[in-house]
Engineer: 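Attaching a single structure in structure tokens format; questions to follow.
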Amino acid sequence: MGRILVVEDSPTNMMLTVEILGFGKHTVLQASNAAAGIDIARKEQPDLILMDIQLPDMDGVEATKILKADAETRDIPVIALTASIKNGEESILLAAGFDACITKPIRYKELLARVDRVVNRSSDPNDD
Ligand code: MN
């Protein structure tokens, strides 16, 4: 179980993601644009960020570069939520600082498996 920040401007995708994370007993923080996401990441220090790429103010790649350049947020893992991954795009995302990518449409099992892997890796095994 972790605290997950979801940065996503589509209300439908946000609702679905929040519901899935809820089934995994995660606590969800929500932002519908990049600036709000960066602000919440700094203040709340979530265990993981799920970052949409196409956002209304700046794209998720730019937002992740900002998070990874800031000592306060650079250790928070960021998973990209992307519409599709064409050849070479995944390496561009990883080079930008993303820790992993998930392609949309979001699938229940894949999302929870990816999130659990990151959250369990970063939490103290003696902590639960
Ligand atoms: Mn979007």
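What you see is a predicted model; the values in this text were computed from it and never measured. In each ligand, atom 1 is the first atom listed, and ligand 1 is the first ligand listed.
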Engineer: Among the N/O/S atoms of D52, select the one at the shortest distance from the Mn ion (ligand 1) and name it.
Structural biologist: OD2
Engineer: Atom CD of residue position Q45 - does it have more than 12 heavy atoms of other residues, nucleotides or ligands inside 6.0 Å?
Structural biologist: yes
Engineer: When hydrophobic residues are tied together by side-chain contacts of less than 4.5 Å, even through go-betweens, does L93 share a cluster with V7?
Structural biologist: yes
Engineer: Out of the N/O/S atoms in D9, what is the name of the one closest to the Mn ion (ligand 1)?
Structural biologist: OD1
Engineer: Please determine whether E8 has a backbone or side-chain N, O or S atom lying under 2.8 Å from the Mn ion (ligand 1).
Structural biologist: no
Engineer: I'd like to know: is the Mn ion (ligand 1) within the 2.8 Å range of an N/O/S atom from N13, strictly under that distance?
Structural biologist: no
Engineer: Closer than 3.5 angstrom, by distance alone: can the side chain of D57 be matched with the main-chain N or O of A34 as a donor-acceptor pair?
Structural biologist: yes
Engineer: Does the side chain of E89 reach to within under 4.5 Å of the side chain of T82, using non-hydrogen atoms?
Structural biologist: no
